[in-house]
Engineer: 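Below you will find the structure I want to go over with you.
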Amino acid sequence: MELFNVYPLYNVTPVKAEGAYVWDENNTKYLDLYGGHGVISIGHTHPHYVKLLKQQLDAIGFYSNSIQNPLQQELAQKLGKLSGCEGYKLFLCNSGAEANENALKLASFETGKSRIVSFNNAFHGRTSAAVAATDNKNINAPINLQQEVTFLPLNDIELVIHELGKEDVAAVIIEGIQGVGGLDEGTTDFFKEVQGICNKKEVPLILDEIQSGYGRSGQFFAFQHHNIQPDIITIAKGMANGFPIGGVLIADKYEAKFGMLGTTFGGNHLACAAAISVLDIIKKEQLIKNVNEVSNYFLEEIKAISQVKKVKGRGLMLGVEFDFEVAELRKKLIFEKHIFTGGASNKKLLRILPPLNINKEHIAIFINALKEILK
Ligand SMILES: Cc1ncc(COP(=O)(O)O)c(C=O)c1O
């Protein structure tokens, strides 16, 4: 059987990984500044991650959500403490799209309404309501386009107020910092005003922290740079360092009812063990402090590259915008300098999403590689 060919692939085959590095089958070593779309948070094959997963696999790998699983409570408690979101309740699922799907569904259950307000260039995943709330017609099939979604520009509060005034909105969904769309973000005033109008109209505000969360922005959640308190927060990518998992943090005011949300695999023992190990390491190794230090170093050093027009994003969720399209540069970085980076829908933007425990030497390697390629 052949694979359904939906991914354009680079011709690299990683076979092992450690920290910020991966190796291919010829033992060529690559510096990973992309973490497989911002997933590798505590570094590849971190010993604590490997230990907890192996121990868990030897004990019990899976049982469904019809039995007691204390690992879920341990995960929820550790996440609440480390994120400062102890007042929320946690629903566990398996991916980012599934987290947003459940968040939107919950909002619709709560309000009895169905229209979604989303933002230009948003990416929220590839399933039903999540893809409908994604501003990319190419990945929406006719079945998804039945969903009512209104896309607004970021930072225009009058338009948000106007839409919520129609009294038919189930949810406003917004990324803490846009990922695939190109690292744009709302201003603090905008986030605060959106929160204000959502509160006033009793429309749940969903913060998609799937990419920007888990310390990547230099705070546990990117919205914490703006001092707001969303009703619902969605998480996935960095949550278990590559083990599939997603989650929805739900404000206390929403009441759970049996059967309202559900999943077979979500919150399974192995996924919880992986997610617990990530929280342990973010705390123990003070990774959020490291994100801020390494980010500051990056922002200083990148100034030496004259072709860089602008650096967008925060922490270790960065977009380096050049005055040319970066596809060739990305290829040269991989095949000549052995460095992984990412692209965005803005073709001139190079995305940097490294493990959160990367250090200044790794950044220096990248800056030198850029200097040599662009000289
Ligand atoms: C902001 C954001 N939301 C949702 C998703 C969807 O996550 P997943 O691919 O795990 O379904 C992504 C993935 O890139 C994302 O960046």
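Indexing begins at 1, ligand by ligand and atom by atom, following the structure's order.
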Engineer: Looking at ligand 1, would Ser95 count as a contact under a 4.0 Å heavy-atom criterion?
Structural biologist: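 Checking ligand 1 against Ser95, which is what was asked, there is a heavy-atom contact under 4.0 Å.
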Engineer: Among all the protein's non-hydrogen atoms, which is closest to atom 16 (O) of ligand 1, and how far away is it?
Structural biologist: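 Here the nearest protein heavy atom works out to Gln211 NE2, 2.9 Å.
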Engineer: Can we call the ring centroids of Phe340 and Phe366 under 6.0 Å apart?
Structural biologist: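 When the ring centroids of Phe340 and Phe366 are compared, they turn out to be at least 6.0 Å apart.
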Engineer: What about His269 and Phe62, are their ring centers closer than 6.0 Å?
Structural biologist: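 Centroid distance His269-Phe62: not below 6.0 Å, so no.
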Engineer: I need the atoms of ligand 1 closer than 4.0 Å to a non-hydrogen atom of Glu175, numbered in the order shown.
Structural biologist: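 Numbered from 1, ligand 1 contributes 1 (C).
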Engineer: For atom 7 (O) of ligand 1, what's the nearest protein heavy-atom neighbour? Residue, atom name and distance, please.
Structural biologist: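 Here the closest protein heavy atom is Gly96 CA, 3.3 Å.
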Engineer: Give me the nearest non-hydrogen protein atom to atom 11 (O) of ligand 1 as residue plus atom name, then the distance to 0.1 Å.
Structural biologist: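 The protein heavy atom lying closest is Ala97 N, 2.8 Å.
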Engineer: Using the benzene-type ring in the case of Trp, are the ring centres of Phe220 and Tyr214 under 6.0 Å apart?
Structural biologist: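 Yes, ring centres under 6.0 Å apart.
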Engineer: Starting from atom 14 (O) of ligand 1, what is the nearest protein heavy atom, named by residue and atom, and what distance separates them?
Structural biologist: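 Going atom by atom, the protein heavy atom closest to atom 14 (O) of ligand 1 ends up being Lys237 NZ, 2.9 Å.
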Engineer: Between Arg314 and Glu185, is there a salt bridge with N-O shorter than 4.0 Å?
Structural biologist: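 Answer for the salt bridge query: yes.
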Engineer: N/O of Asp208 under 3.5 Å from N/O of ligand 1, yes or no?
Structural biologist: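 Yes; the residue has a nitrogen or oxygen that sits under 3.5 Å from a nitrogen or oxygen of the ligand.
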Engineer: For atom 3 (N) of ligand 1, decide whether some protein heavy-atom distance is shorter than 4.0 Å.
Structural biologist: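 Within 4.0 Å: yes, protein heavy atom nearby.
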Engineer: Checking Lys29 against Tyr21: charged group under 6.0 Å from the ring centre and within 45 degrees of the axis?
Structural biologist: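 Satisfied, under 6.0 Å and within 45°.
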Engineer: Would you mind checking if Glu336 and Lys331 are paired as a salt bridge, meaning a charged N to carboxylate O distance below 4.0 Å?
Structural biologist: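 Salt bridge: no.
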Engineer: Under 4.0 Å from a heavy atom of Gly125: which atoms of ligand 1 are those, numbered in the order shown and with their elements?
Structural biologist: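 This gives 4 (C), 6 (C) as the contact atoms.
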Engineer: Do Asn65 and Thr263 have a side chain donor and acceptor closer than 3.5 Å?
Structural biologist: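 Asn65 vs Thr263: no donor-acceptor pair found between side chains.
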Engineer: Check each atom of ligand 1 against the heavy atoms of Asn100 and keep those under 4.0 Å away; list them by number with element.
Structural biologist: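 That gives atoms 3 (N), 4 (C) of ligand 1.
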